[in-house]
Amino acid sequence: MAEGLLKHLASDRFEVFSAGTNPEAVHPMAIEAMIPIGIDISNHRSKSIREFLGQTFDFVITLCDSVKESCPVFPGQYRDIHWSLTDPSDAVGTDEEMLSVFAEIRDELRRRILNFIEGSGE
């Protein structure tokens, strides 16, 4: 969701990559949660952080505490930003309840990404 949001909001200013330490298929609820805000991430794929080792970045943003602890160090100087968010894929309940959790995280990501774009990074 974060990749889709940042690409949607600022692809003219940032080249956006997204990866995880244990990549899995993009969660169907993530795809569904993005539809109401007009962003289609159905063609996104979950990538391994290993695909990007050795590359340089201006910013590295981690989204949950477990990833922050296991994220590798990339070469060069970059701004390391951490947003401690709940992983919505851990949500349980009915489809409606789980979709609500994904939508909450989507909205929080959007707020933080807009702040990041505006320069505060938080």
Side-chain angles (χ1 to χ4, degrees):
M1 290 191 299
E3 176 184 1
L5 283 161
L6 186 52
K7 283 182 175 179
H8 179 77
L9 296 168
S11 63
D12 60 330
R13 294 181 51 200
F14 298 97
E15 187 175 5
V16 182
F17 303 95
S18 176
T21 53
N22 296 306
E24 298 177 6
V26 177
H27 199 290
M29 291 282 179
I31 295 168
E32 191 171 341
M34 299 296 279
I35 292 170
I37 62 169
I39 300 174
D40 180 6
I41 61 169
S42 62
N43 64 347
H44 287 206
R45 71 175 181 88
S46 186
K47 296 167 284 300
S48 171
I49 198 94
R50 287 180 229 120
E51 292 182 40
F52 301 100
L53 293 178
Q55 293 187 32
T56 59
F57 297 96
D58 295 320
F59 303 93
V60 173
I61 302 173
T62 52
L63 302 179
C64 64
D65 295 336
S66 63
V67 173
K68 172 70 175 159
E69 294 171 10
S70 60
C71 189
V73 175
F74 292 94
Q77 292 188 2
Y78 56 89
R79 184 161 174 207
D80 187 13
I81 300 169
H82 178 64
W83 298 334
S84 184
L85 300 174
T86 302
D87 185 345
S89 66
D90 292 337
V92 295
T94 66
D95 284 353
E96 185 176 292
E97 291 167 334
M98 291 190 308
L99 184 57
S100 176
V101 172
F102 274 85
E104 288 174 24
I105 296 299
R106 175 206 62 212
D107 293 344
E108 180 63 17
L109 281 168
R110 186 175 189 279
R111 184 188 69 76
R112 290 179 188 235
I113 288 169
L114 286 170
N115 285 341
F116 168 74
I117 292 167
E118 293 170 4
S120 71
E122 295 300 321

Inset, instruction - May I ask you to test the E97-V92 pair for a side-chain heavy-atom distance under 4.5 Å? - result: no

Inset, instruction - First locate atom CG of D90, then atom CE of M98, and finally report the distance between them rounded to the nearest 0.5 Å. - result: 11.5 Å

Legend entry - Point-to-point distance, once rounded to the nearest 0.5 Å, from CD1 of I61 to CG of D80: 9.5 Å

Legend entry - Rounded distance [0.5 Å steps], CZ in F52 versus CZ in F57: 6.0 Å

Inset, instruction - Check whether V101 and I37 end up in the same hydrophobic cluster, where Ile, Leu, Val, Met, Phe, Trp and Tyr are linked by side-chain heavy atoms less than 4.5 Å apart. - result: no

Inset, instruction - May I ask you to decide if P23's main-chain N or O and S46's side chain share a donor-acceptor pair within less than 3.5 Å? - result: no

Inset, instruction - May I ask you to decide if R50's main-chain N or O and S48's side chain share a donor-acceptor pair within less than 3.5 Å? - result: yes

Inset, instruction - Please round to the nearest 0.5 Å and tell me the distance separating atom CG of D58 and atom CD of E15. - result: 10.0 Å

Legend entry - Side chains of I117 and L6 in contact at under 4.5 Å (non-hydrogen atoms): yes

Inset, instruction - With the side chain counted from C-beta on, respond yes when D107 and R110 share a heavy-atom pair under 4.5 Å apart, and no when they do not. - result: no

Legend entry - Non-hydrogen side-chain atoms of L5 and M34 separated by less than 4.5 Å: yes

Inset, instruction - Check whether any side-chain heavy atom of R79 sits under 4.5 Å from a side-chain heavy atom of V60, and report yes or no. - result: no

Legend entry - Interatomic spacing from CD in E24 to NE2 in H27 - rounded to 0.5 Å: 9.0 Å

Inset, instruction - Of all the heavy-atom pairs spanning A30 and M1, show the shortest one and how long it is. - result: CB-CG, 3.8 Å

Legend entry - For the student: nearest non-hydrogen atoms of A33 and F102, plus distance: CB-CB, 3.8 Å

Inset, instruction - Would you mind reporting whether L9 and L114 have side-chain heavy atoms less than 4.5 Å apart? - result: yes

Inset, instruction - Could you go through the side chain to side chain contact (heavy atoms under 4.5 Å, CB included) check for R112 and I81 one step at a time? - result: CA-CA 11 Å; R112 290 179 188 235; I81 300 169; over 6 Å; no

Taking only distance into account, with no hydrogens and no angle test, what donor-acceptor pairs under 3.5 Å do side-chain atoms of residues 71-78 form with protein atoms, sequence neighbours excluded?
{"from": "Y78", "atom 1": "OH", "to": "F74", "atom 2": "N", "distance (Å)": "3.3"}

Inset, instruction - May I ask you to check whether over 12 heavy atoms, not counting those of N22, lie within 6.0 Å of atom CG? - result: no

Inset, instruction - Considering non-hydrogen atoms only, spot the tightest contact between G4 and I39 and give its length. - result: O-CG2, 3.9 Å

Inset, instruction - Go through the steps for T62 and H82 under the test side-chain hydrogen bond (donor to acceptor under 3.5 Å, both in side chains), then give the verdict. - result: CA-CA 5 Å; T62 52; H82 178 64; 2.7 Å; yes

Legend entry - Check: F17 ring centroid to F59 ring centroid under 6.0 Å: no

Legend entry - Heavy-atom check, side chain of L63 versus side chain of L109, under 4.5 Å: yes

Legend entry - Spatial distance of atom CD1 (I105) from atom OG (S89) [nearest 0.5 Å]: 10.0 Å

Inset, instruction - Would you mind checking if R45 and E3 are paired as a salt bridge, meaning a charged N to carboxylate O distance below 4.0 Å? - result: no

Legend entry - Check: I31 and S42 side chains under 4.5 Å, non-hydrogen atoms: yes

